[in-house]
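These notes are about the structure you will find just below.
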Amino acid sequence: DQQVKQNSPSLSVQEGRISILNCDYTNSMFDYFLWYKKYPAEGPTFLISISSIKDKNEDGRFTVFLNKSAKHLSLHIVPSQPGDSAVYFCAASDLTGYQKVTFGTGTKLQVIP
Amino acid sequence: DAGVTQSPTHLIKTRGQQVTLRCSPKSGHDTVSWYQQALGQGPQFIFQYYEEEERQRGNFPDRFSGHQFPNYSSELNVNALLLGDSALYLCASSLRDRGHLQPQHFGDGTRLSIL
């Protein structure tokens, strides 16, 4: 039972354009969402998060949007840079304080120079 | 400031053997979680340790066990290894801040191969 789904295994975007990565979830108890970036041979690196009381959170070139009614979130990267090429994982948790995080299967982003 | 460190980097075992993986959390962190990442999949939560006790557990059999030491470092033990245990094992640490969820910091993982 995949509670966090990233339906696009890969995405290619031209440098300077917008990258949009999508994520859907099924568990209504999730109320905290995160995006991680992973380069080969490295562990995931935290990128940005959003709690369910917000619908948007922005950090530099990265913006996460949350649509609770649709159980959908997206990560926008503007402008995309070649260094953004990596696997992006969507993750979710409930705010129990115990941080049991459920990850999606990842989307491999390639930014073409 | 050292981040999360894991050892060893790579490990090869045969079916039926036992393995111990080690993790040192980021300085200042008190909570350690372990994840298994199979090829082409996202990390799957195994369990979490805080104050030397297992606090949460994912859907993994009892062959997977762990420990947290007073210095917050942690071990993951897997007994009776199966071919399906071949994966990247990730350790993540965080600081438990009551009422506020802190994002986890991950190590680079231990690649375990079962022959």
Side-chain angles (χ1 to χ4, degrees), chain A residues 1-10 21-25 27 29-54 57 59 62 64 75 86-108, chain B residues 2-7 9-10 21 23-26 29-51 53-60 68 87-111:
Chain A
D1 177 26
Q2 193 71 27
Q3 297 185 60
V4 178
K5 302 177 184 179
Q6 294 178 257
N7 293 319
S8 298
S10 62
L21 294 91
N22 294 302
C23 177
D24 297 295
Y25 63 96
N27 190 337
M29 298 301 293
F30 288 150
D31 50 14
Y32 187 70
F33 304 90
L34 312 94
W35 284 94
Y36 282 84
K37 178 170 72 172
K38 186 179 186 301
Y39 294 117
E42 294 183 12
T45 302
F46 169 72
L47 201 55
I48 192 169
S49 64
I50 188 168
S51 72
S52 59
I53 61 174
K54 296 184 177 181
N57 189 26
D59 184 2
F62 302 91
V64 56
L75 174 68
V87 177
Y88 288 78
F89 289 102
C90 172
S93 175
D94 58 58
L95 277 172
T96 61
Y98 289 104
Q99 304 176 9
K100 177 180 175 181
V101 181
T102 301
F103 282 80
T105 53
T107 296
K108 185 175 183 178
Chain B
V4 179
T5 58
Q6 293 186 241
S7 63
T9 306
H10 294 86
L21 310 182
C23 173
S24 292
K26 179 178 169 65
H29 286 184
D30 58 6
T31 302
V32 173
S33 300
W34 286 92
Y35 293 82
Q36 180 194 67
Q37 185 179 11
L39 203 61
Q41 301 297 314
Q44 288 208 342
F45 177 80
I46 302 175
F47 42 55
Q48 182 187 87
Y49 277 83
Y50 172 68
E51 290 185 336
E53 289 189 17
E54 182 182 297
R55 300 291 178 165
Q56 281 235 15
R57 189 177 183 93
N59 189 24
F60 280 81
Q68 186 181 32
L88 179 68
Y89 288 85
L90 293 163
C91 172
S93 73
S94 55
L95 176 63
R96 179 163 297 202
D97 184 3
R98 189 179 308 166
H100 186 67
L101 192 66
Q102 298 285 346
Q104 297 174 346
H105 292 245
F106 283 81
D108 291 339
T110 294
R111 173 70 62 187

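Every value quoted in this text rests on a predicted model; they were computed, and no experiment measured them. The chains referred to below are lettered A, B, ... by the order of the sequence lines, with proteins before strands, and numbering in each begins at 1.
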Rounded to the nearest 0.5 angstrom, the CG-NZ distance for B:D108 and A:K38 is 8.0 Å
Value for CZ (A:F103) from CD (B:Q44), rounded to nearest 0.5 Å, stands at 11.0 Å
Honestly, the part of B:R111 sitting under 4.5 Å from a heavy atom of chain A is neither
Closest non-hydrogen atoms of B:L90 and A:G43, given as atom of the first, atom of the second and distance, are CD2-CA, 4.2 Å
Cut-off 4.5 Å, heavy atoms of chain A, and the answer for B:Q37 is side chain
What one should report as the nearest heavy-atom pair of B:R57 and A:K100 is O-NZ, 3.8 Å
Smallest heavy-atom separation, A:Y32 atom then B:P103 atom, equals OH-CG, 4.0 Å
If one checks every heavy atom of A:A41 against chain B at 4.5 Å, the contacting part turns out to be backbone
For A:F89 and B:G42 the tightest heavy-atom approach is CE2-CA, 3.5 Å
Okay, A:K108 and chain B: the region with an atom under 4.5 Å from a heavy atom over there is neither
Here the pair of heavy atoms bringing B:Y35 nearest to A:V101 is OH-CB, 3.4 Å
